[in-house]
Amino acid sequence: MPDCIFCRIIRGEAPAKKVYEDERAFVFEDINPQAPTHVLIIPRKHIVGMKEAQPEDAEIIGYLHLVAAQIARERGIEDGYRTVFNVGPRAGQSVFHLHLHLLGGRSLRWPPG
Ligand code: 5GP
Ligand code: ZN
């Protein structure tokens with residue numbers, strides 16, 4: 001998608017602190033981190049959000065979680081981290097390219113706000 005900020009980051013047209021990439025996924029530091037680790041794990045494919053995901057997207061959605069688990073392992077935050085999809089404006093979704101938040105490195109409250 002030409003005007004999507006996350007597609008532009010994947011293409012290298014917008015700056016971001018890249019953490020990891022492979023043929024399916026791209027990971028970068030959130031610009032406004034809410035925890036010592038706050039990275040965004042996104043599919044290379046432009047999917048608008050979880051509400052819009054299709055059955056053929058099931059594998060990539062699962063894969064994003066495995067990438068998150070690997071990054072959590074590498075960063076030594078396996079004592080407690082959280083993976084989150086914000087779905088819809090009332091849950092705070094502000095970018096409409098599917099992204100999995102990985103938050104950790106501090107105590108995380110429950111329920112979330
Ligand atoms: P949402 O609120 O849609 O669940 O999450 C969007 C996230 O993307 C936010 O945490 C926000 O800080 C982050 N974000 C928005 N624009 C950019 C950007 O241009 N670069 C980076 N690295 N993060 C961004
Ligand atoms: Zn996009």
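Ligands are counted one by one from 1 in listed order, and the atoms in each one are counted from 1 as well. The analysis underlying the following values was restricted to heavy atoms, covering all of them including side chains, and did not include hydrogens, waters or symmetry mates.
- Protein heavy atom at the shortest distance from atom 1 (P) of ligand 1 is His99 NE2, 3.1 Å.
- Residue Ile31 holds the heavy atom nearest to atom 17 (C) of ligand 1 of all those in Ile31, Ile9, Val84.
- In this structure, CD1 on Ile47 lies 3.5 Å from CG on Asp57, to the nearest 0.5 angstrom.
- The nearest pair of heavy atoms linking His38 to His101 is NE2-ND1, 2.8 Å.
- Residues Glu59 and Lys45 are not paired through a salt bridge, judged by the lack of any N-O separation under 4.0 Å between the basic side chain and the carboxylate.
- The backbone N or O of Val19 sits nowhere less than 3.5 Å from a side-chain atom of Glu21 that would complete a donor-acceptor pair.
- Within His97, the N, O or S atom at minimum distance from the Zn ion (ligand 2) carries the name ND1.
- Draw a line from the Zn ion (ligand 2) to SG of Cys7 and another to ND1 of His46, and the angle between them is 110° (to 10°).
- When all heavy atoms of Leu103 and Val84 are compared, the pair lying nearest together is CD1-CG2, 4.4 Å.
- Neither the backbone nor the side chain of Phe96 has a heavy atom within less than 4.0 Å of ligand 1.
- Those atoms of ligand 1 that come under 4.0 Å of a heavy atom in Phe28, given as number and element, are 21 (C), 22 (N).
- The ring of His97 has its center no closer than 6.0 angstrom to the ring center of His99.
- With ligand atoms numbered from 1 in the order given, ligand 1 contributes 1 (P), 2 (O), 3 (O), 4 (O) to contacts under 4.0 Å with heavy atoms of Gly92.
- Here the heavy atom of the protein found nearest to atom 15 (C) of ligand 1 is Val95 CG2, 3.9 Å.
- Atom 19 (O) of ligand 1 has its nearest heavy-atom neighbour, among Asn86, Val39, Ile5, Leu98, in Ile5.
- A cation-pi arrangement is found for Arg24 relative to Tyr63, the charged atom lying closer than 6.0 Å to the ring centre and inside a 45° cone about the ring normal.
- What sits closest to atom 3 (O) of ligand 1 on the protein, heavy atoms only, is Ser94 N, 2.6 Å.
- Ranking protein heavy atoms by distance to atom 16 (N) of ligand 1, first place goes to Phe6 CE2, 4.3 Å.
- Contact annotation for Ala16 and ligand 1: no heavy atom of the residue comes within less than 4.0 Å of the ligand.
- By the 4.0 Å N-to-carboxylate-O rule, Arg44 lies too far from Glu23 to be salt-bridged with it.
- Looking at Asn32, Asp30, Leu100, Leu40 and measuring to atom 11 (C) of ligand 1, the nearest heavy atom belongs to Asp30.
- A donor-acceptor pair is defined here as one N or O able to donate and one able to accept, closer than 3.5 Å; no such pair exists between the side chain of Arg106 and the backbone of Thr37.
- Contact atoms of ligand 1 toward Glu29: 22 (N) (distance under 4.0 Å to a heavy atom of the residue).
- Phe28 has its ring centre no less than 6.0 Å from the ring centre of Tyr20.
- Only the side chain of His101 comes within 4.0 Å of ligand 1, judged by heavy-atom distances.
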